[in-house]
There are 2 protein chains.
Amino acid sequence: MLGEIGVADTPEKCIVVAMKVLDPFDIALLNALQADNRATADALARTVALSPSAITRRIRRLKDSGVIDRDVSVLSPALAGRRLSAIVQIQLHDHAEEAGLAVLRQRLLASNHVQSCLEVSGSFDLFLTVTARDMAEFNAFADTMLAKDAAIRRYETSFVKKALKQTLAIPLDARDAG
Amino acid sequence: MLGEIGVADTPEKCIVVAMKVLDPFDIALLNALQADNRATADALARTVALSPSAITRRIRRLKDSGVIDRDVSVLSPALAGRRLSAIVQIQLHDHAEEAGLAVLRQRLLASNHVQSCLEVSGSFDLFLTVTARDMAEFNAFADTMLAKDAAIRRYETSFVKKALKQTLAIPLDARDAG
DNA sequence: ACTGAAACCGTTAGGGC
DNA sequence: GCCCTAACGGTTTCAGT
């Protein structure tokens, strides 16, 4: 569905395969949808200066071209607050084999306890956000997923006391237009 | 934006009041909607063993009661990959005044460069995920938001080399019912 | 300069809820 | 009533003659 990024056969234009460029209308639309994707075309038409049908056409196009990856519901932070969230910073072995790393990555991505998994620069290599019902479940996760893994040299855990903000929205502006 | 757990100070925040319990149908619905909130009631009815009209009723109720906080579009990771993401770990001054902290928190939450802001245990106090168009914009953010702030003792930045996974989904199961 | 295709837009009418 | 979808007609752009 979505092309791989940045294989720059053409320097500027290949943001997404089927999507030439994003014009200011697309930018406005994407920002609105990142805040509320259940807004009706009529409602969006009041914000974006387009007709409802033009809105729906563009949304359709943005989705088909893969600019919009998915549409999801976000549960209440209050609900999340009843659970346990942890930040896990992982240091890998310097000479870890790629095969072992691939297995680790795959296992982490497959686990629905893992909310985010980022490769980072610095003294640690991987950065996880982990969610669990309680400490027992987190310990089970750590024991089975992290402690035994041969590619992991060490890891450090910080527990989230309070989530003040969490979003995946990317703020776009005119400079993101093609 | 974020509700305190179980504290009903404002109508929108009191989650469990309007929502007595989540039964297994609600759990299944929430898991489905966290993956795809544009799924039609008919499609959901094939997964969840309920009629389409019952589905829409329940979704309506979950939204009104605040269990579902919001519905959003998530942009392509490929688009995000063109930008710069950073993890910023912040250590506050031991004797920082609450007033200064509140100002800092508010400024961080108001910035749309800040994707997540978490209070954590451990040697650092705050945990940020920051998105910026490029290094220049990130530096501008760090200079204006972090470097000058009196409440901040020090901060460490790790740059995201590759985002392998990012979601806000909370995996629910039968034990979350009741 | 002319033309035809393509990509837009906006307005409609029909169907569901 | 509102909402979504599909189809129609008008406008602009641009390549090629």
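FYI, side chains are in, hydrogens and waters are out, and symmetry mates aren't considered; it's all heavy atoms of this structure. Reminder, nothing fancy here: chain letters follow the sequence lines and each chain counts from 1.
For the pair A:Arg57 and C:dG10, the criterion of a side-chain N or O lying under 4.0 Å from OP1 or OP2 is not met.
The hydrophobic cluster around A:Val74 extends to A:Val72, A:Leu168, B:Val72, B:Val74, B:Leu168, counting ILVMFWY residues whose side-chain heavy atoms fall within less than 4.5 Å of a member.
Distance, A:Asp42 CG to D:dC4 C1': 10 Å, rounded to whole Å. When rounded to the nearest whole Å, the span between CZ of A:Arg60 and P of D:dC4 equals 14 Å. Atom CG of A:Leu29 and atom C1' of C:dC8 are 15 Å apart (whole Å). In this structure, CG of A:Leu62 is placed 16 Å from P of C:dA7, rounded to the nearest angstrom. Atom pair A:Asp23:CG and D:dT13:C1' shows a separation of 15 Å (rounding to whole Å applied). If you take CG of A:Leu44 and P of C:dG10, they are 14 Å apart, rounded to a whole angstrom. Atom P of nucleotide C:dC8 and atom CG of A:Leu22 are separated by 12 Å, given to the nearest angstrom.
Residues in residues 145-178 of chain A take part in these ring-ring contact (aromatic ring centres under 6.0 Å, His included) pairs, two or more places apart or across chains: A:Phe138-A:Phe159. Residue pairs that meet the salt bridge (charged side-chain N to carboxylate O under 4.0 Å, His left out) test with at least one member in residues 137-146 of chain B, sequence neighbours left out, are A:Arg175-B:Glu137, B:Arg133-B:Glu137.
Around CZ of B:Arg60, the count of heavy atoms belonging to other residues, nucleotides or ligands within 6.0 Å does not exceed 12.
The side-chain contact (heavy atoms from CB on, under 4.5 Å) check on A:Ala35 picks up nothing, with sequence neighbours excluded. Annotation: side-chain contact (heavy atoms from CB on, under 4.5 Å) contacts of A:Ala102 (sequence neighbours excluded): A:Glu98.
Interface residues of residues 30-41 of chain A facing DNA chain C, ordered by number: none; criterion, heavy-atom separation under 4.0 Å.
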